[in-house]
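One structure is given here, and the rest of the page talks about it.
As the structure lists them, so they are numbered: ligands from 1, and atoms in each ligand from 1.
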Amino acid sequence: MEKQDLLYEGKSKKVYATNDPARLIVAYKDEKGAVNNHISNAVMRMLEREGVPTHLVRQMSERETVVRRVRMIPLEIIVRNVVAGKLSTLIGQPEGTRLRSPVLEYRYKAALLGNPMINRFHVFALELCTPEMLDEIDRLAFRINKILKQQLLRAGIRLIDCKLEFGCLPDGSIVLADEISPDTSRLWDAETGRKLGKDRFRRDLSNTIDAYQEILDRLERIHCS
Ligand code: ADP
Ligand code: MG
């Protein structure tokens, strides 16, 4: 697979065209890039084994992965199991409060607007995707959350919330794309409540990579890679 033009540079990744028009190469950027690449691929492989369609083709190097090129749906799908972050101030409940059922939120992927929270009516009015596509996205998001929650618990990790992005293949089917990593999810130690994922990164950069590596080690221990 031959890496060609840089198509897009985001906050955490660079996206390259390849000699195959149906494939892209994603290159993770910063110090956490390599471990995020490994974790995201391990998680996607695990989801594939459970029958969830993803964009993953194969890991190419420490920081690079070959993925199926999709038309991204400009939504961030947040799935929450426990109150944390912005939801805590939104509903006035302390961080760590368990939710009776998973909560799904949509954010409009528009960096200039600060990725605002929107609802289904905005999605359709803005023609971000069709109602059928959004139904499929909801279904996949809840299923991914259920599988991830169960598997992570086997590794002693509590899934508080995670951010998902989906895309559309040329045949119209929806697949999980982008990344699932500690940068995009809140992961707490199931025993001690110690923060292992993105809240650690946001509050204290020093031990971030160690904590991320620990997540990867635990996933490997439950043969999730
Ligand atoms: P951002 O700062 O916009 O979140 P990232 O640093 O995460 O960007 O870079 C990844 C970019 O590539 C994102 O815009 C994401 O939507 C896009 N992307 C992820 N997976 C795919 C894919 N399979 N096909 C096309 N684009 C993708
Ligand atoms: Mg991103």
### Query
Within a strict 4.5 Å, meaning less than it, do heavy atoms of the Tyr212 and Asn36 side chains meet?
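A side-chain contact exists here, since the closest heavy-atom pair is under 4.5 Å.
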
Residue pairs involving residues 118-131 (criterion salt bridge (charged side-chain N to carboxylate O under 4.0 Å, His left out); sequence neighbours excluded):
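Non-adjacent pairs meeting salt bridge (charged side-chain N to carboxylate O under 4.0 Å, His left out): Arg120-Asp135, Arg120-Asp138.
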
Check your understanding: Please, which pairs that meet salt bridge (charged side-chain N to carboxylate O under 4.0 Å, His left out) have at least one residue in residues 50-59, sequence neighbours excluded?
Key ->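 Every candidate salt bridge (charged side-chain N to carboxylate O under 4.0 Å, His left out) pair involving residues 50-59 fails, so no pair, neighbours aside, qualifies.
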
Are side-chain N/O atoms of Thr65 and Asn41 paired as donor and acceptor at under 3.5 Å?
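A pair is found: one side chain offers a donor N or O, the other an acceptor, under 3.5 Å apart.
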
Could you list the donor-acceptor pairs under 3.5 angstrom formed by side chains in residues 77-84, with sequence neighbours left out?
residue, atom, partner, partner atom, Å
Arg80, NE, Glu105, OE1, 3.4
Arg80, NE, Glu105, OE2, 2.9
Arg80, NH1, Ala84, O, 3.1
Arg80, NH2, Glu105, OE1, 3.4
Asn81, OD1, Asn145, ND2, 2.9
Asn81, ND2, Asn145, OD1, 2.9
Asn81, ND2, Leu159, O, 3.1

Is there any protein N/O under 3.5 Å from an N/O of ligand 1, and what does the full list of such pairs look like?
residue, atom, partner, partner atom, Å
ligand 1, 2 (O), Lys11, N, 2.8
ligand 1, 2 (O), Lys11, NZ, 3.2
ligand 1, 3 (O), Tyr8, OH, 2.7
ligand 1, 3 (O), Lys109, NZ, 3.2
ligand 1, 4 (O), Lys109, NZ, 3.0
ligand 1, 6 (O), Lys11, N, 3.0
ligand 1, 6 (O), Ser12, N, 2.8
ligand 1, 6 (O), Ser12, OG, 3.3
ligand 1, 6 (O), Lys13, N, 2.7
ligand 1, 7 (O), Lys13, NZ, 2.7
ligand 1, 16 (O), Glu165, OE1, 3.2
ligand 1, 20 (N), Asp178, N, 3.2
ligand 1, 23 (N), His55, ND1, 2.8
ligand 1, 23 (N), Arg68, O, 2.8
ligand 1, 24 (N), Val70, N, 3.2

Hphob cluster co-occupancy, Leu219 + Tyr28, side-chain heavy atoms under 4.5 angstrom:
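Shared cluster, no.
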
